[in-house]
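Counting convention: from 1, in listed order, for ligands and their atoms alike.
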Amino acid sequence: MSFKNRHVISMKDFSRKEIDYVLDTAEKLEPVARGENRSQLLDGKIVALLFFEPSTRTRLSFEVATQRLSGQVLNLGSVEASSVMKGENLADTIRVISNYADLIVLRHPLDGSSRMASEFSSVPVINGGDGSVHHPTQTFLDLYTIRRESHLEGLKIAMAGDLKYGRTVHSLCHALSLYGAEMTFVSPPELSMPSEIVKDLRKNKIRVRETNSLEEIIGDVEVLYMTRVQRERFLDPEEYEKVKHRLKVTGSLLKNVDSNLKILHPLPRVNEISPEVDATPHACYFQQAFYGVPIRMALLALAMGVVE
Ligand code: CP
């Protein structure tokens with residue numbers, strides 16, 4: 001199975017076998033991610049980071065992943081300091097940077113921008129999140145977290161919060177359908193999972209239920225995947241104010257749950273998980289953020305063809 005020169009744009013571009021291969025590669029690289037072993041896999045390689053939207057985890061974990069593998073990072077830095085401010089379009093920016101670097105990681109607010117960038121790039125493009133649809137490297141690390149901390153096959157999972165705009169849940173439910181997951185979607189009606197995604201899942205024989213109550217389902221799932229309400233995607237700030245605090249995981253919600261329940265969150269959180277949950281054995285979200293390092297190492301090494 002060769003990933004050399006392959007773009008990473010959407011989870012829909014990957015089969016279950018290919019996803020498992022990425023997860024297996026990440027597992028082998030985990031000691032390097034922890035700093036326990038050293039690696040020269042990306043010696044002499046340059047990874048360009050182009051972030052047109054704010055990011056902490058995706059940007060820094062790609063940076064750490066590159067450095068742990070002895071590669072170097074070329075960072076566009078703030079958009080305000082670049083020629084984008086003079087009106088340069090994304091296609092030209094990508095054409096130029098693909099002559100400077102061996103791989104490009106792109107985060108951009110527009111749906112489809114990574115796919116478009118891949119058409120103008122002479123090197124692999126990894127989508128670091130575009131618009132409200134795709135965030136494949138987050139999905140790879142979510143799958144890795146679930147595999148490490150629970151199990152993938154036939155998982156009973158609830159996804160909760162902003163299911164309308166949350167790109168991580170859109171990618172994740174497609175990927176989990178390959179493993180026969182049972183899915184519960186918990187959201188205020190205004191932020192429910194897009195109907196075409198629900199329809200698609202049902203067409204593929206995935207059991208899906210929808211509710212607006214965490215209390216109703218918390219005793220019945222193995223993983224709860226919380227998400228924040230995406231303020232930046234609301235056109236009307238009043239609409240955001242109405243829904244921003246509707247769902248919250250608290251200590252009291254977790255009083256009688258199964259001891260193996262794992263709570264994930266792509267982060268950043270705003271108000272949807274109380275700090276008292278952090279010290280419980282259910283909290284997995286900081287560990288999940290770490291797993292972004294081995295996963296991004298694996299994707300970099302595979303796309304640049306230094307691991308086969
Ligand atoms: N989970 C995630 O994408 O975080 P950042 O926005 O901080 O990269």
Contact atoms of ligand 1, heavy-atom distance to [X] under 4.0 Å:
X: Gln138; answer: 1 (N), 2 (C), 3 (O)
X: Thr56; answer: 5 (P), 7 (O), 8 (O)
X: Thr58; answer: 2 (C), 3 (O), 5 (P), 8 (O)

Does a salt bridge link [X] with [Y], judged by any charged N lying under 4.0 Å from a carboxylate O?
X: Lys28; Y: Asp24; value: no
X: Arg34; Y: Glu30; value: yes
X: Asp111; Y: Arg167; value: no
X: Arg209; Y: Glu216; value: no
X: Lys156; Y: Asp258; value: no

With a 4.0 Å cut-off on heavy atoms, does Glu53 reach ligand 1?
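No, Glu53 has no heavy atom closer than 4.0 Å to ligand 1.
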Of all the non-hydrogen atoms in the protein, which one sits nearest to [atom], and at what distance?
atom: atom 6 (O) of ligand 1; result: Arg107 NH1, 2.9 Å
atom: atom 4 (O) of ligand 1; result: Arg57 NE, 3.1 Å
atom: atom 1 (N) of ligand 1; result: Pro266 O, 2.8 Å

What about Arg59: any of its N or O atoms under 3.5 Å from an N or O on ligand 1?
no
Nitrogen or oxygen atoms of Pro268 and ligand 1 under 3.5 Å apart:
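No.
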With heavy atoms only and a cut-off of under 4.0 Å, state how Leu267 meets ligand 1: side chain, backbone, both or neither.
backbone
Describe, in one word, how the ring planes of Phe3 and Phe14 are oriented to each other, choosing from parallel (under 30°), tilted (30 to 60°) and perpendicular (over 60°).
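Answer is parallel, since the angle falls under 30°.
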Evaluation steps, salt bridge (charged side-chain N to carboxylate O under 4.0 Å, His left out), between Arg95 and Glu88:
CA-CA 11 Å; Arg95 279 187 181 112; Glu88 183 164 49; over 6 Å; no
